[in-house]
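Heavy atoms only: backbone and side chains are in, while hydrogens, waters and symmetry mates are out. Start at 1 with the first residue, then count along the sequence.
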Amino acid sequence: MTQKQDIRALTKDELRYFFEEQKDKAFRGNQVYEWLWRKGAHSFDDMTNISLTTRKMLNEHFVINHIEVDDMQKSSDGTIKNAVRLHDGLIVESVLIPTDTRTTACVSSQVGCSLNCTFCATARLKKMRNLNPDEIYDQVVATDQQSRLYQNHKLSNIVFMGMGEPLLNYNNVLKAIDKITSDEGLAMSPKRITLSTVGLPKMIKKLADDEVKFNLAVSLHSAIDEIRSKMMPINEKSNLAELLESLQYWYVKTKKQITFEYVVWKGINDKKKDIEALVDYCKKVPSKVNLIEYNAIEEDGFMQADEKAIAYYVRELERNNITVNVRRSRGKDIDAACGQLANKK
Ligand code: SAH
């Protein structure tokens with residue numbers, strides 16, 4: 001028997017063409033497409049305005065691969081972490097983070113990660129594979145349903161800050177975002193979507209050339225090459241100067257300021273020279289800084305810096321008119337916070 005194709009790998013035009021080939025109306029393709037994306041059908045049998053014969057024929061040709069939320073954990077602060085099972089049994093995680101004003105979905109783009117940032121739990125998992133567009137889209141659908149159920153309103157924001165490096169799965173992430181923002185999908189505004197990257201200059205320039213409309217966040221953690229390279233080995237391949245050049249390119253093309261994510265660690269980047277380097281870096285491209293709390297992962301030896309050091313960062317950034325937010329972790333008790341996603345359950 002030949003293997004059935006995943007129907008959601010087909011574009012709308014391909015689906016229309018398939019129906020034409022079956023001597024049916026191309027329009028049928030639109031109907032099925034709507035079921036698959038906007039209505040999120042998991043089975044051909046759900047497609048009630050499609051005849052039984054057609055549904056049977058679809059079943060013979062295709063499968064609908066969909067994710068399954070295998071396990072859902074709720075934090076005392078309302079954060080929900082989902083272990084998401086993919087059609088081939090692999091697991092990724094996605095997180096729903098409610099605040100007073102919004103609910104944010106944090107979604108994964110790869111199974112595991114290949115970048116080896118020393119402080120990140122996901123880095124300890126081998127990279128297994130990229131997620132398909134529908135697997136990314138489905139995480140958003142699942143967290144949106146949870147948001148409606150537990151928060152009484154729809155999802156307001158999406159961050160690509162789960163497992164994996166989104167810019168190493170460029171095409172699929174962009175296809176998923178297309179579906180999320182399209183009227184045929186979830187019709188969410190791209191302004192409410194943020195892609196977070198370790199900072200790959202070539203890919204950042206490609207994003208700019210592709211004129212994407214979503215926001216860009218870069219995990220900076222240090223504006224001194226020697227220190228950044230120790231924390232994030234990728235910095236040895238493309239250093240801070242190259243990164244900066246790509247961010248300036250991004251800004252010129254998109255007119256969107258960049259968010260730098262930054263953890264302050266005790267004894268690593270909590271000195272005056274670290275702060276000065278960050279201020280200098282931020283002055284070179286329109287940007288703001290999110291100081292994120294460090295979430296300890298087992299035996300890594302890193303520690304969050306003292307409050308004094310964080311306050312020093314805030315003061316100096318503000319004195320230089322750079323916007324800075326101090327982000328407290330959410331969902332720590334269930335290992336759902338930044339860098340803690342490691343399929344621990
Ligand atoms: N690969 C992407 C997205 C995933 S990581 C990226 O690097 O941006 C999401 C964010 O969590 C990044 O800013 C990352 O640096 C941060 N992070 C990783 N481990 C962390 C930890 N243990 N504590 C706090 N933040 C962490």
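- The shortest heavy-atom contact between Arg102 and Ser156 is CB-OG, 3.0 Å.
- With rounding to the nearest 0.5 angstrom, the CG atom of Leu247 is 4.5 Å from the CD1 atom of Ile258.
- Rounded to the nearest 0.5 Å, atoms CZ (Arg192) and CG (Asn157) are 5.5 Å apart.
- For the 3.5 Å distance criterion, the side chains of Asp13 and Thr11 fail to qualify, holding no donor opposite an acceptor.
- Taking the side chain as every heavy atom from C-beta outward, Leu243 and Leu220 approach each other to under 4.5 Å.
- Taking both residues in full, the closest heavy atoms of Gly185 and Arg38 are given as O-CG, 3.4 Å, listed atom of the first, atom of the second, then distance.
- Under a 4.0 Å N-O distance rule, the pair Asp209/Lys205 does not qualify as a salt bridge.
- The backbone N or O of Ser109 lies less than 3.5 Å from a partner atom in the side chain of Asn169, making a donor-acceptor pair.
- Contact record, Ile193 with Ile177: CD1-CG2, 4.0 Å, taken as the closest heavy-atom pair.
- Hydrophobic clustering (ILVMFWY, side-chain heavy atoms < 4.5 Å, transitive): Ile204 and Tyr249 are in distinct clusters.
- Here the side chains of His61 and Gln22 are in contact, with some heavy-atom distance below 4.5 Å.
- The line from CG of Leu58 to OG of Ser51 is 9.0 Å long, rounded to the nearest 0.5 Å.
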**OP:** Any chance you could lay out the side chain to side chain contact (heavy atoms under 4.5 Å, CB included) test for Ile50 and Gln31, step after step, and finish with the verdict?
**Re:** CA-CA 8 Å; Ile50 308 290; Gln31 289 177 312; 3.8 Å; yes
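- The main-chain N or O of Asn172 is never found under 3.5 Å from a side-chain atom of Asn132 such that the two would form a donor-acceptor pair.
- In plain terms, the two heavy atoms of Leu125 and Gly112 that are nearest each other are CB-CA, 4.1 Å.
- At distances below 3.5 Å, not a single donor-acceptor pair connects side-chain atoms of Asn290 with backbone N or O atoms of Ile292.
- Not one N or O on the side chain of Tyr313 forms a donor-acceptor pair closer than 3.5 Å with the backbone of Leu278.
- A donor-acceptor pair under 3.5 Å is formed between the side chain of Gln304 and the backbone N or O of Tyr294.
- Without hydrogens or angle criteria, Ser108 side chain to Glu93 main chain gives a donor-acceptor distance under 3.5 Å.
- Residue Lys230 qualifies as open at atom NZ: its count of foreign heavy atoms under 6.0 Å is 12 or below.
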Subject >> Residue pair Leu207, Thr197: steps toward the side chain to side chain contact (heavy atoms under 4.5 Å, CB included) verdict >> reply: CA-CA 12 Å; Leu207 279 179; Thr197 173; over 6 Å; no
Original post:
Run the side chain to side chain contact (heavy atoms under 4.5 Å, CB included) check on Glu211 and Lys213 step by step: do they pass?
Top reply: CA-CA 6 Å; Glu211 296 178 7; Lys213 299 284 181 283; 4.2 Å; yes
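- The same ILVMFWY cluster, assembled from side-chain heavy atoms under 4.5 Å apart, contains both Leu86 and Met72.
- Residues Ile310 and Glu293 are not in side-chain contact: their nearest non-hydrogen atoms beyond the backbone lie 4.5 Å or more apart.
- A donor-acceptor contact shorter than 3.5 Å links the side chain of Ser287 to the backbone of Val285.
- The main-chain N or O of His153 is found under 3.5 Å from a side-chain atom of Ser147 such that the two form a donor-acceptor pair.
- Hydrophobic clustering (ILVMFWY, side-chain heavy atoms < 4.5 Å, transitive): Leu149 and Leu96 are in one cluster.
- With contacts defined as side-chain heavy-atom distances shorter than 4.5 Å, the pair Lys271/Asp274 qualifies.
- Residues Asn130 and Asn171 fail the side-chain proximity criterion, which asks for heavy atoms closer than 4.5 Å.
- Following chains of ILVMFWY side-chain contacts shorter than 4.5 Å, one cannot reach Phe27 starting from Trp35, and the two form parts of different hydrophobic clusters.
- For Asn235, the side-chain hydrogen bond (donor to acceptor under 3.5 Å, both in side chains) partners are Asp225, Arg228, Ser229, not counting sequence neighbours.
- Closest approach of Phe19 to Ala26, counting heavy atoms only: CB-CA, 4.5 Å.
- Few gaps surround CG on Asp88; more than 12 heavy atoms of other groups in view lie less than 6.0 Å from it.
- The distance from atom CG of Leu167 to atom OG of Ser196, rounded to the nearest 0.5 Å, is 9.0 Å.
- Electrostatic pairing of Asp138 and Arg8 counts as a salt bridge here, judged by a charged N lying under 4.0 Å from a carboxylate O.
- Checking side-chain atoms of Asn239 against main-chain N and O of Glu242 turns up a donor-acceptor pair under 3.5 Å.
- A distance of 12.5 Å separates NZ of Lys127 from CG of Asn116, quoted to the nearest 0.5 Å.
- For the pair Glu316 and Arg319, the salt-bridge criterion is met [side-chain N within less than 4.0 Å of a carboxylate O].
- Between Ser75 and Ile80, the closest side-chain pair of non-hydrogen atoms is not below 4.5 Å.
- Both cation-pi conditions hold for Lys255 and Tyr251: the charged atom is under 6.0 angstrom from the six-membered ring centre and inside a 45 degree cone around its axis.
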Original post:
Please walk me through it: do Asp178 and Tyr137 pass side chain to side chain contact (heavy atoms under 4.5 Å, CB included)?
Top reply: CA-CA 10 Å; Asp178 265 353; Tyr137 180 86; over 6 Å; no
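- In this structure, the side chains of Lys179 and Pro133 stay at 4.5 Å or more apart for every pair of heavy atoms.
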**OP:** Determine, step by step, whether Phe160 and Phe214 satisfy the ring pair (Phe, Tyr, Trp, His ring centres under 6.0 Å) criterion, reporting the C-alpha distance in whole Å, the side-chain angles of both residues, the deciding distance to 0.1 Å, and the verdict.
**Re:** CA-CA 11 Å; Phe160 281 81; Phe214 50 80; 7.5 Å; no
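- Between Phe119 and Phe302, the ring planes lie perpendicular to each other; the angle is over 60°, past the 30° to 60° tilted range.
- A tilted orientation is assigned to the rings of Tyr262 and His221, their planes being inclined by 30° to 60°.
- Gln145 and Arg148 are not linked by any side-chain donor-acceptor pair at a separation below 3.5 angstrom, with hydrogens and angles left out of the test.
- Looking at Cys282 and Phe260, their side chains come closer than 4.5 Å, going by heavy atoms from C-beta outward.
- A donor-acceptor distance shorter than 3.5 angstrom exists from the side chain of Asn269 to the backbone of Val263, with no hydrogens or angles considered.
- Shortest non-hydrogen contact noted between Gln110 and Glu165 is OE1-N, 2.9 Å.
- A salt bridge does not link Lys39 with Asp46: none of the charged nitrogens is closer than 4.0 Å to a carboxylate oxygen.
- For the atom pair CD1 of Ile67 and CD1 of Ile91, the computed distance is 10.5 Å after rounding to the nearest 0.5 Å.
- In this structure, the ring pair (Phe, Tyr, Trp, His ring centres under 6.0 Å) partners of Phe62, at least two apart in sequence or on a different chain, are Phe18.
- Under a cut-off of 6.0 angstrom, the local environment of CE in Met47 is crowded, with over 12 non-hydrogen atoms contributed by other residues, nucleotides or ligands.
- For Asp270 and Tyr312, the side-chain atoms include no donor-acceptor pair closer than 3.5 Å.
- Other residues, nucleotides and ligands contribute over 12 non-hydrogen atoms within 6.0 Å of the CZ atom of Arg55.
- Under a hydrophobic clustering in which Ile, Leu, Val, Met, Phe, Trp and Tyr are joined whenever their side-chain heavy atoms come within less than 4.5 Å, directly or via other members, Val63 and Phe44 fall into different clusters.
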